[in-house]
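For reference, the structure discussed in these notes is given below.
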Amino acid sequence: WAGDVPALASVRPEHARPAVEQRLREGDVRLNEMEARLSKATKGGAPVTYEELVLPLEQLYDSVGRPWDLVGHLKSVRDSPGLRSAVDELQPKVIAFWQRVSQSSTIYQAMSQLRESPGFASLPEERRRIVENELLSRKLGGVGLSGAAAQDFNAISKELSDLSTTFGNNALDARKAWNLTIVDRARLQGVPERALAAAAEAAKSGGHANASGAGGPWLLTLDGTVLGPVLTYAEDRSLREQLFRASATLASSGRSDNTGTIKSILELRQRKAELLGYPAYADLAFADKMASKEQVHKLLSDLLSTGKPAAQKDDMELQEFAKTRFSHTEVQPWDRPFFVEKLRKDRYGIDAEALRSYFAYPKVLEGLFSLCHRLFDVKVEKAAAGAQEVELARWHPDVEFYHIHRNGELAGHILIDPFVRPSEKRAGAWVQPMLPRTVVDGRVSRPVAAVVLNFPPPPAGEQKPALLSMGEVSTLFHEFGHAMQHVLTLQKESPVSGISGIEWDAVEVASQFMEYWPKEDKRTLFSFAQHYSTGEKLPEATYEKLRESRSFRAGSAMLGQIYLGTVDLRLHEHFTKGEDTNIIEKSVADEVLVVKPLPESRPLCTFSHIFAGGYASGYYSYQWSKVLSADAFSAFDEGGGLTDEGRVHEVGLRFAATLLAMGGGRSPAKVFADFRGRAPQASALLRYSGLQAR
């Protein structure tokens with residue numbers, strides 16, 4: 001350990017096995033002792049106390065789970081054959097241990113007796129929530145099964161874990177394996193210099209020692225920092241098509257084919273649900289969510305009825321623009337990003353690539369930290385360079401270390417891993433809770449979170465910062481919202497600390513809330529929007545154009561999310577063995593989307609959220625949370641409130657005291673009502689999305 005933070009810089013793949021196995025052995029001993037003690041204590045029928053049952057259980061969770069969680073974190077940011085081998089060997093042992101814990105009839109009986117005891121109602125709300133969540137989790141973990149059913153359930157759980165790891169590995173390997181070397185600069189006409197520089201650096205790594213951004217050769221990959229610029233700006237249509245088709249069929253053939261993995265995952269999830277008495281996996285998944293299945297279907301249906309006409313209008317406008325301005329009569333999928341950017345520039349005079357010059361990563365961070373102080377009264381302080389704690393904690397030289405202070409006291413720590421590393425770091429952006437806030441015997445253990453991003457790095461060999469797009473700015477604010485909720489929690493027990501214990505479909509509220517500030521609040525945007533080399537502020541005229549463009553193609557954006565959420569539900573509500581998942585996906589696309597995917601496209605093969613993450617039958621959560629987050633932001637915006645700094649600060653502190661502080665210790669509906677004074681309403685989402693008049 002490096003102070004409050006795990007010393008990950010020195011962790012090597014060969015350290016994983018002994019660390020995890022030692023904790024598993026210790027966990028077995030503690031579990032045996034706990035079951036013996038509980039069995040003896042409950043023989044007379046008298047319930048054990050919360051302190052006798054739940055607190056030791058929490059300590060067991062933290063002690064055994066922490067090394068394995070850190071191994072998983074390192075695999076996602078510093079993947080290697082050694083780590084994969086360690087994970088493959090350890091995973092069955094870890095799963096077996098947690099199955100034994102979750103299926104302990106002794107613990108379940110003691111927990112049930114505690115729940116039914118006269119003193120249960122007098123426990124604090126967060127402790128009642130912990131007990132209720134434990135009982136539900138154990139039910140879903142198979143505690144009620146016995147004999148052959150229990151054996152089947154455990155075997156299925158292990159196989160599902162293995163398949164999830166396989167899916168993620170395949171997606172990463174397929175992305176790493178595809179590349180295209182370009183030697184003719186003319187083929188890259190229109191591609192921004194930053195992408196050319198990144199492609200040249202990739203070529204250097206591939207053996208072209210003299211590669212340069214200006215002279216090539218250039219190694220194109222399917223990493224977002226290269227794929228996005230090529231599809232958006234390359235004048236060479238055949239090149240766009242080549243990369244688009246490769247991306248659309250990623251991990252759907254060869255050694256990294258995820259097609260069979262997907263079918264196996266869906267079949268096993270269905271069997272698991274049936275063993276627990278649920279008709280389908282979706283019913284199992286909704287057992288511990290904020291929303292009901294009926295509410296979600298209604299939300300997606302309502303959003304579709306609003307979003308689809310808007311998306312149809314978007315498409316007609318794009319087709320007409322391409323035809324009249326470029327004599328382009330048939331817009332193919334690989335043409336769309338290209339013409340969308342042309343249309344944006346034509347309509348609003350906004351050059352998204354040139355706009356990056358005003359969003360230097362270090363300045364955006366400053367603006368983000370300033371907003372956190374303005375809203376939540378917290379100070380984000382960069383740790384001293386070279387400090388032992390910092391150097392021991394950083395798993396890569398790019399990682400930045402920050403201390404979070406509240407009311408003059410150290411509240412926790414956040415590490416940021418900002419830049420893309422396609423060979424070892426999985427795609428996307430996320431927050432890894434590394435340590436929860438806990439208070440044991442008056443001693444506070446400070447929370448630690450890692451914010452993991454995949455931004456384009458600063459150009460090699462140049463004194464120039466990393467420059468972000470507006471979308472990447474939103475991503476940074478989004479993920480920092482998750483980190484704030486983890487670090488600013490006031491809960492004292494790990495099962496409800498930070499984002500733990502929050503129903504999965506409400507966990508995006510704090511993060512999506514933060515996205516609104518650079519988009520809707522001029523002060524926030526102008527706190528960082530200045531040219532990286534001249535220091536010139538973002539021109540007022542450009543700002544006005546940005547405001548006008550906020551709802552640009554809003555219907556198309558919403559439809560894409562509705563499609564993914566609907567596909568996810570369809571796969572988990574009605575899947576039967578032997579069904580063709582591609583046919584299912586295409587049928588949903590026909591129903592929802594205005595622009596149909598290519599016949600050979602296989603988006604499910606890289607849909608890691610639902611096959612290698614926690615969003616199975618829960619991808620709708622992004623839209624469900626958006627209703628709450630938009631309504632939460634509107635509390636600041638009402639009546640021109642964003643210009644009233646006293647009011648912004650007052651409402652911000654209320655947000656921090658409720659939606660950030662309460663964690664999983666109170667139901668999301670109640671926490672939202674504590675903040676807003678009422679239940680959430682969807683009107684703000686439609687308004688901010690541009691699908692309803694402001």
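Note that the coordinates shown come from a computational prediction; the quantities given were computed from them, not determined experimentally.
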| said: Are more than 12 heavy atoms, taken from residues, nucleotides or ligands other than Q189, located less than 6.0 Å from that residue's CD atom? | reply: no
| message | Quick check against the 3.5 Å criterion: does T489 have a side-chain atom that pairs as donor or acceptor with the backbone of Q485? | response | no
| said: Under a 4.0 Å threshold between the charged nitrogen and the carboxylate oxygen, would R245 count as salt-bridged to E241? | reply: yes
| For the residue pair Y622 and Y619, does the interplanar ring angle fall in the parallel (under 30°), tilted (30 to 60°) or perpendicular (over 60°) class? | tilted
| note | Shortest non-hydrogen pair, P418 vs E400, comes out as CG-OE2, 4.0 Å
| task | Return yes if some donor-acceptor pair links the side-chain N/O of R66 with the main-chain N/O of D69 below 3.5 Å, else return no. | result | no
| said: For F552, does the six-membered ring have the charged nitrogen or CZ of R344 within the cation-pi criterion, i.e. under 6.0 angstrom from the centroid and within 45° of the normal? | reply: no
| said: Testing the basics here: between P518 and F528, what is the closest heavy-atom pair and its distance to 0.1 Å? | reply: CB-CZ, 4.1 Å
| Got a donor-acceptor contact below 3.5 angstrom from the D335 side chain to the Q332 backbone? | yes
| query | Donor-acceptor pair, S252 side chain versus D257 backbone, under 3.5 Å? | reply | no
| query | Under 4.5 Å between any side-chain heavy atoms of T606 and F611, yes or no? | reply | no
| said: Given 3.5 Å as the limit, does a donor-acceptor pair link the side chain of R240 with the main chain of A234, or not? | reply: yes
| message | For E600, is there any backbone N or O sitting under 3.5 Å from a side-chain donor or acceptor partner on R602? | response | yes
| field | Aromatic centroids of F480 and F369 separated by under 6.0 Å | value | yes
| said: Given 3.5 Å as the limit, does a donor-acceptor pair link the side chain of R550 with the main chain of R547, or not? | reply: yes
| said: Do the side chains of D173 and R84 get close enough for a salt bridge, i.e. N-O under 4.0 angstrom? | reply: yes
| message | Does either side chain, that of S85 or that of R17, offer a donor lying less than 3.5 Å from an acceptor on the other one? | response | yes
| request: Look up atom CZ in F167 and atom CG in N170, then write down how far apart they are to the nearest 0.5 Å. | output: 8.0 Å
| query | Taking all non-hydrogen atoms of both residues, which atom of A200 and which atom of W218 are closest, and how far apart? | reply | N-CD1, 4.1 Å
| field | Which atom of P217 lies closest to which atom of A203, heavy atoms considered | value | O-CB, 3.4 Å
| field | K342 NZ/CZ over F339 ring centroid, <6.0 Å and within 45° of normal | value | no
| field | Lys/Arg N to Asp/Glu carboxylate O, E472 vs R356, below 4.0 Å | value | yes
| query | Has the side chain of R394 got a donor or acceptor atom that lies under 3.5 Å from a matching backbone atom of P397? | reply | yes
| query | Would you call K345-E353 a salt bridge at under 4.0 Å N-O? | reply | no
| note | The single option from P337, S469, P192 that satisfies side-chain contact (heavy atoms from CB on, under 4.5 Å) with T232 is P337
| note | Between H403 and the options E381, K379, H413, the side chain to side chain donor-acceptor pair (under 3.5 Å) test singles out H413
| Parallel, tilted or perpendicular, as decided by the 30° and 60° cut-offs, for the rings of F513 and F655 | parallel
| said: For Y233 together with F338, are the ring centres under 6.0 Å from each other? | reply: no
| E235 atom CD, neighbour heavy-atom count above 12 within 6.0 Å | yes
| query | When rounded to the nearest 0.5 angstrom, what is the spacing between CH2 in W178 and CG in L180? | reply | 4.5 Å
| said: Looking at N454 and G428, would you say the former's side chain and the latter's main chain have a donor-acceptor pair under 3.5 Å? | reply: yes
| Atom CD in E366, atom OG in S527: separation rounded to 0.5 Å? | 9.0 Å
| query | With distance as the sole test, does T221 use its side chain to make a donor-acceptor pair with the main-chain N or O of D223 at under 3.5 Å? | reply | yes
| task | Kindly assign one of parallel, tilted or perpendicular to the pair H482 and H478, based on the angle between their ring planes and the thresholds 30° and 60°. | result | perpendicular
| What about F419 and Y361, are their ring centers closer than 6.0 Å? | yes
| said: Could you check whether E424 and S80, counting side-chain N and O atoms only, form a donor-acceptor pair closer than 3.5 Å? | reply: no
| message | With a sphere of 6.0 Å drawn around NZ of K537, does it hold more than 12 non-hydrogen atoms of other residues, nucleotides or ligands? | response | yes
| Ion pair present between R426 and D79, side-chain N to carboxylate O less than 4.0 angstrom? | no
| task | Determine the minimum heavy-atom distance between L250 and C605, stating which atoms define it. | result | O-CB, 3.5 Å
| request: Take atom CD of E462 as the centre, draw a 6.0 Å sphere, and report whether it contains more than 12 heavy atoms from other residues, nucleotides or ligands. | output: yes
| message | Looking only at the side chains, is there a donor atom on one of R187 and S238 sitting less than 3.5 Å from an acceptor on the other? | response | yes
